[in-house]
Amino acid sequence: MTIIGTSPVTIVFSCIFHLCLLITPIFLLAHNILIEDAVGFSLFSFSERFTDRLTFIFLICAAYFLIRRVFLPRLRAISSVYDYVILVVTTAPFLTGYLVYYQVFDYKIMIILHMLTGELMLIAIPFTKIYHMVFFFIGRFVLIHQHTLGKGSRTW
Amino acid sequence: MIEEQTAAVDIKFIRDMLDKNKGKMKLSLSVCAHCSLCAESCFLFNAYNKDPKYMPSYKFIHSIGILYKKKGKVDRSMLEEISINIWKRCVLCTRCYCPFGIDIPSMIALARSICRSQGVFPRYD
């Protein structure tokens with residue numbers, strides 16, 4: 001049985017989580033306006049309403065992962081503080097961005113927090129588990145398993 | 001045999017073995033996202049009422065993971081504890097599946113080699 005068969009809910013949440021994580025910041029109107037101002041050109045943007053919903057879905061998925069980690073015995077057995085920190089680092093830019101969009105709390109402080117947490121996440125990529133962002137694709141070609149692309153060259 | 005069981009652990013030897021395999025093992029340990037998706041691929045996990053202690057990730061985190069964390073500075077009782085995870089809870093059938101492709105059997109095998117080198121292994125006599 002595949003992992004989609006054994007843990008379908010987690011796989012669906014995980015796919016949506018990662019898609020939203022990648023798509024939302026790249027095609028966000030406000031980000032693209034800033035990029036346009038800085039470099040003179042930018043990618044197309046989704047409507048604000050759509051990215052707003054994507055952010056909300058992302059936050060729900062993040063909450064699912066948190067609840068799963070806190071309550072499932074199998075995850076509690078292997079979880080460390082580091083796992084929670086990574087989840088917070090990934091979710092913080094989206095949470096602050098959401099609050100900024102709705103101008104909850106002080107706008108200036110929230111937008112600065114949004115930028116800082118965003119930078120923190122980008123800086124964290126090469127130094128933490130988040131580098132699976134890169135190794136995910138390499139692994140698909142190098143390892144032999146159910147999702148392999150290409151032939152794979154796993155020797156063990 | 002009694003002499004072997006009470007002898008002090010050769011920390012330098014363990015550390016050499018750990019250093020020799022550092023690249024792959026450290027990478028595997030840090031890549032593990034602690035997602036628990038490997039759980040169901042272990043038949044022992046399914047057979048023991050889904051006890052988290054039989055999860056492949058639990059087994060390598062609490063064996064080779066501990067050895068790297070302590071940098072080889074372990075005592076005999078710690079090795080005995082580790083040996084439960086890598087012998088009693090794992091038969092090295094190599095069927096465990098990791099979505100990231102972590103080579104779990106090789107990690108368990110290294111932990112076994114280290115324990116065996118210090119005279120810690122299951123005895124059936």
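Just so it is clear: chains get the letters A, B, ... in the order the sequence lines come, proteins before strands, and each one is counted from 1. These numbers were taken from a predicted model, which means no experiment stands behind them.
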Looking just at side-chain N and O atoms, do [X] and [Y] make a donor-acceptor pair shorter than 3.5 Å?
| X | Y | result |
| --- | --- | --- |
| B:Asn85 | B:His62 | no |
| B:Ser36 | A:Arg68 | yes |
| A:Asn32 | A:Ser45 | yes |

As a test of understanding, state which of A:Ile23, A:Thr24, A:Ile26, A:Leu28 forms a side chain to side chain contact (heavy atoms under 4.5 Å, CB included) with A:Phe46.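 The side chain to side chain contact (heavy atoms under 4.5 Å, CB included) with A:Phe46 is passed solely by A:Ile23 among A:Ile23, A:Thr24, A:Ile26, A:Leu28.
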
Measuring heavy-atom distances to chain A, does [X] have an atom under 4.5 Å in its side chain, in its backbone, in both, or in neither?
| X | value |
| --- | --- |
| B:Ile61 | side chain |
| B:Lys50 | side chain |
| B:Cys32 | backbone |

Inter-chain contacts: residues 99-123 of chain A against chain B, heavy atoms under 4.5 Å: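 At a heavy-atom separation under 4.5 Å, chain B is reached by no residue of residues 99-123 of chain A.
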
Does any heavy atom of chain B fall under 4.5 Å from the side chain of [X], the backbone, both, or neither of them?
| X | answer |
| --- | --- |
| A:Arg76 | neither |
| A:Tyr131 | side chain |
| A:Leu72 | neither |

In terms of relative ring orientation, are A:Phe65 and A:Phe17 parallel, tilted or perpendicular, with 30° and 60° separating the classes?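 Aromatic pair A:Phe65/A:Phe17 classed perpendicular.
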
Between the side chain of B:Lys73 and the main-chain N/O of B:Ile11, is any donor-acceptor distance below 3.5 Å?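 It does not hold such a pair.
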
Donor-acceptor pair, distance only, cut-off 3.5 Å: does the side chain of A:Ser47 make one with the backbone of A:Phe50?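 Checking the backbone N and O of A:Phe50 against the side chain of A:Ser47, a donor-acceptor pair under 3.5 Å is found.
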
Using salt bridge (Lys or Arg N to Asp or Glu O under 4.0 Å), reason through B:Asp16 and B:Lys12 one step at a time and then give a plain yes or no. CA-CA 6 Å; B:Asp16 284 346; B:Lys12 201 187 162 289; 3.3 Å; yes

Salt bridge check: are A:Arg74 and B:Glu40 linked by an N-O gap of less than 4.0 Å?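 The answer is yes: the pair qualifies as a salt bridge.
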
Between chain A and each of B:Cys38, B:Pro52, B:Ala39, count heavy-atom pairs under 4.5 Å; write down the option with the most.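 Highest number of pairs under 4.5 Å: B:Pro52.
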
